[in-house]
**Student:** 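Below you will find the structure I want to go over with you.
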Amino acid sequence: MKCTIGEVKHHVGESVTIGCWLNKKRSSGKIQFLQLRDGSGYIQGIVMKSDVSEEVWEAASKLTQESSLYITGIVKEDTRSKGGYELDVLGVEIIQITEDYPISPKEHGVDFLMDNRHLWIRSPRQRAVLVIRAQIIQAIQNFFNERGFHLVDPPILTPSSCEGTTNLFHTKYFDEDAFLTQSGQLYMEAAAMALGRVYSFGPTFRAEKSKTRRHLIEFWMIEPEMAFVDHAENLDIQEQFVSHIVQTVLKNCSQELETLERDTSKLEKIQGRFPRITYDEAVDFLQKNGHEFVWGEDFGAPHETAIAAQYETPVFITHWPTEIKAFYMKPDPNRPEVVLCADMIAPEGYGEIIGGSQRIDDPELMEQRFQEHELSKEAYQWYLDLRKYGTVPHSGFGLGLERTVAWICGLDHVRETIPFPRLLYRLYP
């Protein structure tokens, strides 16, 4: 019977055949221990010389790191192994013997590993990250699907940028100028006016020449928009959303978190209500704790880290200065110099993972903002139409997938959170 390693728990005592690769091997006289992987998991195959033919013993002896094979054996429970099962090997059919596999158990430099990213992702640690990433994506989709949101796909090519083109990739759309999208948010607002509650899940691009551990050139964003939702309700949905993601990973990815040596006690606290502080309160805290900071500036990584260190869960920083936030954010009716927005800062120094706000729904104010920011009405007249034809209060937010993966996995650098990262000066492989 053919099965995967992930399915062997259903076949204890049975003979199964698994297509796999050799991760590593050790031998002791008349016994060989084969550490095998197939993408769904890992299992140890035990080859006893006394129990197999000479051909099978010799085939097992030839196997090298990352050699591919079909292995046949009897599934046994083994509480000592991480997976809980092992294989008494009966047969080995070699597909290919790998020679000079470049990534060995020794230490390698980051540049070498990134040049060989197509092979590096086979390692147990990188596999664990990608499994958790996939689980996060599934948790995101389940959260929205269970709450009546509709998935909508915004365009990747856009005619302009409402936040300036300096950080966008320019291309030609036949005879017109076009740009790779920074965000699908504006299009999600249009979709929310049709479908009520929507979300997008797709790639976005930033051309800024940043080399920090938190930045990628190409990354994935989740951007919900909700009609008839105000600022306060928006925050409630965000904390429910993030708690759901973290708790789902804890439930379904215990082995992967163990592989990453992640302190799960910190993740177990990510549930319930998250603290909320205003931008004013955050500035006051920074100034009282040795940071030279002027009201009206944006926070950098050291500021976010200092603020987050006061909390065990993510923290919302709300009511930012109007001047440093996006043109579409709704001013606080009681204090127009700040807007009804929030950044969610992750604990443990991982910085902002969500930015969101209530959007301007007043047609005259939106016209005014377009003028103040010198935005192209020609390119985005359709966006102004949303306030002209049936405007309603509405809110939304954007979550960066890779930063979220980095935080939940406890990674030092965002480059490990995506299969093939696009970084400054790196477009290969």
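Numbers here are sequence positions counted from 1.
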**Student:** Under a plain distance cut-off of 3.5 Å, with no hydrogens placed, do Thr17 and Thr72 share a side-chain donor-acceptor pair?
**Tutor:** yes

**Student:** Report yes if some heavy atom in the side chain of His319 is under 4.5 Å from a heavy atom in the side chain of Leu340; otherwise report no.
**Tutor:** yes

**Student:** Measure from the side-chain N and O atoms of Arg426 to the backbone N and O of Tyr428, and report whether any donor-acceptor pair falls under 3.5 Å.
**Tutor:** yes

**Student:** Could Lys269 and Asp263 be called an ion pair, given the rule that one side-chain N must be under 4.0 Å from one carboxylate O?
**Tutor:** no

**Student:** Within the structure provided, determine whether Asp362 and Thr391 are in side-chain contact (heavy-atom separation under 4.5 Å).
**Tutor:** no

**Student:** Kindly give the heavy-atom pair with the smallest separation between Ser200 and Pro154, and that separation in Å.
**Tutor:** CB-CD, 3.5 Å

**Student:** For the pair Leu87 and Val16, evaluate side-chain contact (heavy atoms from CB on, under 4.5 Å) and give the outcome as yes or no after the intermediate values.
**Tutor:** CA-CA 9 Å; Leu87 205 63; Val16 299; 4.0 Å; yes

**Student:** Is it true that the side chains of Asp385 and Gln381 contain a donor and an acceptor less than 3.5 Å apart?
**Tutor:** yes

**Student:** Heavy atoms, side chains only, cut-off 4.5 Å: are Phe205 and Leu168 in contact?
**Tutor:** no

**Student:** The criterion is side chain to side chain donor-acceptor pair (under 3.5 Å); which residues satisfy it with Asp284, sequence neighbours excluded?
**Tutor:** Lys288

**Student:** Would the distance check show the side chain of Arg214 and the main-chain N or O of Glu352 forming a donor-acceptor pair, the cut-off being under 3.5 Å?
**Tutor:** no

**Student:** Using a 4.5 Å cut-off on heavy atoms from C-beta on, say whether the side chain of Tyr187 contacts that of Val152.
**Tutor:** no

**Student:** Identify the two heavy atoms, one from Val198 and one from Ala191, that lie closest to each other, and give their separation to 0.1 Å.
**Tutor:** CG1-O, 3.8 Å

**Student:** Quick one: do Lys330 and Asp361 make a salt bridge, cutoff under 4.0 Å?
**Tutor:** yes

**Student:** Would you find a donor on one side and an acceptor on the other, under 3.5 Å apart, between the side chain of Arg213 and the backbone of Arg415?
**Tutor:** no

**Student:** Do Val75 and Ile43 come within less than 4.5 Å of each other through their side chains, counting heavy atoms only?
**Tutor:** no

**Student:** Would you say CD of Glu364 has more than 12 non-hydrogen atoms from neighbouring residues, nucleotides or ligands within 6.0 angstrom?
**Tutor:** no

**Student:** Checking the side chain of Ser68 only, and the main-chain atoms of Gln96 only, is there a donor and an acceptor separated by less than 3.5 Å?
**Tutor:** yes

**Student:** Between Arg403 and Glu304, is there a side-chain N and carboxylate O pair less than 4.0 Å apart?
**Tutor:** no

**Student:** Rounded to the nearest 0.5 Å, what's the gap from CG on Leu399 to CD1 on Ile353? Could you check?
**Tutor:** 6.0 Å

**Student:** Nearest 0.5 Å, please: how far is CG in Leu384 from CZ in Arg369?
**Tutor:** 13.0 Å

**Student:** Count the heavy atoms belonging to other residues, nucleotides or ligands that lie under 6.0 Å from CD of Glu312, then report whether that count exceeds 12.
**Tutor:** no

**Student:** Output yes when Glu402 and Arg206 qualify as a salt bridge under the 4.0 Å nitrogen-oxygen rule, no when they do not.
**Tutor:** no

**Student:** Donor-acceptor pair, Thr313 side chain versus Ile270 backbone, under 3.5 Å?
**Tutor:** no

**Student:** Rounded at 0.5 Å granularity, tell me how far CD in Glu372 sits from CZ in Phe327.
**Tutor:** 11.5 Å

**Student:** Answer yes or no: is there a donor N or O on one side and an acceptor on the other, between the side chain of Thr98 and the main chain of Thr64, under 3.5 Å?
**Tutor:** no

**Student:** Given side-chain contact (heavy atoms from CB on, under 4.5 Å), test Trp220 with Ile137 step by step and report yes or no.
**Tutor:** CA-CA 10 Å; Trp220 287 68; Ile137 291 171; over 6 Å; no

**Student:** Could you tell me whether the side chains of Ser395 and Glu233 share a donor-acceptor contact shorter than 3.5 Å?
**Tutor:** no

**Student:** Gln126 side chain to Ile121 main-chain N or O, any donor-acceptor pair under 3.5 Å?
**Tutor:** no

**Student:** Mind checking the CG-CG spacing from Asp236 to Asp230? Nearest 0.5 Å is all I need.
**Tutor:** 9.0 Å

**Student:** Any donor-acceptor pair under 3.5 Å linking the side chain of Tyr350 with the backbone of Leu411?
**Tutor:** yes

**Student:** Are more than 12 heavy atoms from other residues, nucleotides or ligands located less than 6.0 Å from atom CZ of Phe228?
**Tutor:** no

**Student:** When you check the gap from the basic side-chain N to the acidic O, do Arg262 and Glu256 get nearer than 4.0 Å?
**Tutor:** no

**Student:** Please assess Glu189 against Arg387 for the test salt bridge (charged side-chain N to carboxylate O under 4.0 Å, His left out), listing each intermediate value before the final yes or no.
**Tutor:** CA-CA 10 Å; Glu189 289 188 53; Arg387 277 73 183 169; 2.7 Å; yes

**Student:** Within this structure, what is the CD1-OG1 distance for the pair Ile132 and Thr417, rounded to the nearest 0.5 Å?
**Tutor:** 12.0 Å

**Student:** Minimum heavy-atom separation for Ala379 to Pro159, with atom names?
**Tutor:** O-CG, 4.2 Å

**Student:** Does the pair Phe274 and Val242 meet the rule for a side-chain contact (heavy atoms from CB on, under 4.5 Å), with working shown?
**Tutor:** CA-CA 10 Å; Phe274 298 165; Val242 171; 4.2 Å; yes

**Student:** Assess whether salt bridge (charged side-chain N to carboxylate O under 4.0 Å, His left out) is satisfied between Lys172 and Asp177, documenting all intermediate values.
**Tutor:** CA-CA 5 Å; Lys172 296 298 284 187; Asp177 288 322; 3.1 Å; yes

**Student:** Treating Thr322 as the side-chain partner and Pro336 as the backbone partner, does any N or O pair qualify as donor plus acceptor under 3.5 Å?
**Tutor:** yes

**Student:** Between Gly349 and Thr305, which heavy-atom pair has the shortest distance, and what is it?
**Tutor:** CA-OG1, 3.9 Å

**Student:** Going by heavy atoms in the side chains, are Val338 and Thr278 under 4.5 Å from each other?
**Tutor:** no

**Student:** Of the non-hydrogen atoms in Pro421 and Met114, which two are nearest, and what is the gap between them?
**Tutor:** CG-CE, 3.2 Å

**Student:** Quick check: do Leu119 and Pro102 have side-chain heavy atoms less than 4.5 Å from each other?
**Tutor:** yes

**Student:** Flag this pair as yes if the NZ/CZ of Arg117 is under 6.0 angstrom from the six-membered ring centre of Phe420 and inside a 45 degree cone about the axis; otherwise no.
**Tutor:** no

**Student:** Show your working on side-chain contact (heavy atoms from CB on, under 4.5 Å) between Arg133 and Ile418 and close with a plain yes or no.
**Tutor:** CA-CA 8 Å; Arg133 178 189 172 102; Ile418 190 168; 3.6 Å; yes

**Student:** Do you know which two heavy atoms are closest between Asn234 and Phe397, and how far apart they sit?
**Tutor:** OD1-CD2, 3.3 Å

**Student:** Which pairs, with at least one residue in residues 119-159 and sequence neighbours excluded, count as a ring pair (Phe, Tyr, Trp, His ring centres under 6.0 Å)?
**Tutor:** Phe143-Phe241, Phe143-His244, Phe144-Phe149, Phe144-Tyr199, Phe144-Phe241

**Student:** Side chains of Phe293 and His303: closer than 4.5 Å at any heavy-atom pair?
**Tutor:** yes

**Student:** Can you tell me how far CG of Asp38 sits from CD1 of Ile18, rounded to the nearest 0.5 angstrom?
**Tutor:** 6.5 Å

**Student:** Would you find more than 12 non-hydrogen atoms of other residues, nucleotides or ligands less than 6.0 Å from Phe112 atom CZ?
**Tutor:** yes

**Student:** Do side-chain atoms of Lys25 reach the backbone of Ser61 as a donor and acceptor pair under 3.5 angstrom?
**Tutor:** yes

**Student:** Given Glu7 and Ser40, is the side-chain hydrogen bond (donor to acceptor under 3.5 Å, both in side chains) satisfied, shown in steps?
**Tutor:** CA-CA 8 Å; Glu7 296 168 338; Ser40 72; over 6 Å; no

**Student:** Answer yes or no: does atom CG of Asp298 have more than 12 heavy-atom neighbours from other residues, nucleotides or ligands under 6.0 Å?
**Tutor:** yes

